[in-house]
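Only one structure is covered here, and it is reproduced in the block below.
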Amino acid sequence: EGYEYEFLRGAIRFVETLRPIIYGEFNRYFLRQFGQAHVLEDMLEPYGYTPLALQRWRLVPVGWEDGLENVLLVPRERLSALDNVMHGWR
């Protein structure tokens, strides 16, 4: 808990190149404890990542400041493909 930034920092080249969808539980309390409360946003937003949460079988955007527990971090260019997959589940 709280080392998500360190993990992503080590994987940033992978993120830049392959643009994966990232699932995570980014606990604000622990991020604050390690002085990293805003680093996920600072690191991933410039690469076009959007945080999404599953609510009632729909993926909805959430703010970086909302607490990012159980979220998908999705590159903007993959949002429509992900939306198409979600429509198939309904």
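Note that the numbering runs from 1 along the sequence shown for the chain. Quick caveat: nothing in here was measured; it's all calculated off a predicted structure.
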For Leu59 and Leu79, run side-chain contact (heavy atoms from CB on, under 4.5 Å): C-alpha distance rounded to whole Å, both residues' side-chain angles, the deciding distance at 0.1 Å, then the answer.
CA-CA 10 Å; Leu59 287 171; Leu79 287 171; over 6 Å; no

Taking side chain to side chain contact (heavy atoms under 4.5 Å, CB included) as the test, write out the residues that go with Asp42, two or more places apart.
His38

Please list all pairs meeting side chain to side chain donor-acceptor pair (under 3.5 Å) that have one or both residues in residues 46-55, counting only residues at least two apart or in different chains.
Glu16-Tyr47

Specify the closest pair of heavy atoms between Pro20 and Pro75, including all atoms of both residues, with the distance to one decimal.
O-CD, 3.7 Å

One should read off an interatomic distance between Tyr23 OH and Leu73 CG, to the nearest 0.5 angstrom, of 11.0 Å

Would you name the heavy atoms of Arg78 and Arg19 that are closest together and state the gap between them?
NH1-O, 2.7 Å

Measure the spacing between CG of Asn70 and CG of Leu52 and express it to the nearest 0.5 Å.
13.0 Å

Do Phe14 and Phe7 share a hydrophobic cluster, counting only Ile, Leu, Val, Met, Phe, Trp and Tyr and linking them when any side-chain heavy atoms are less than 4.5 Å apart?
no

With clusters built from Ile, Leu, Val, Met, Phe, Trp and Tyr whose side-chain heavy atoms come within less than 4.5 Å, directly or transitively, what are the remaining members of the cluster of Val60, listed by chain and number?
none

Do you reckon Leu18 sits in the same ILVMFWY cluster as Leu44, going by side-chain contacts under 4.5 Å, direct or chained?
no

Residues Leu8, Ile22; criterion side-chain contact (heavy atoms from CB on, under 4.5 Å); working and verdict:
CA-CA 10 Å; Leu8 288 171; Ile22 302 166; 4.0 Å; yes

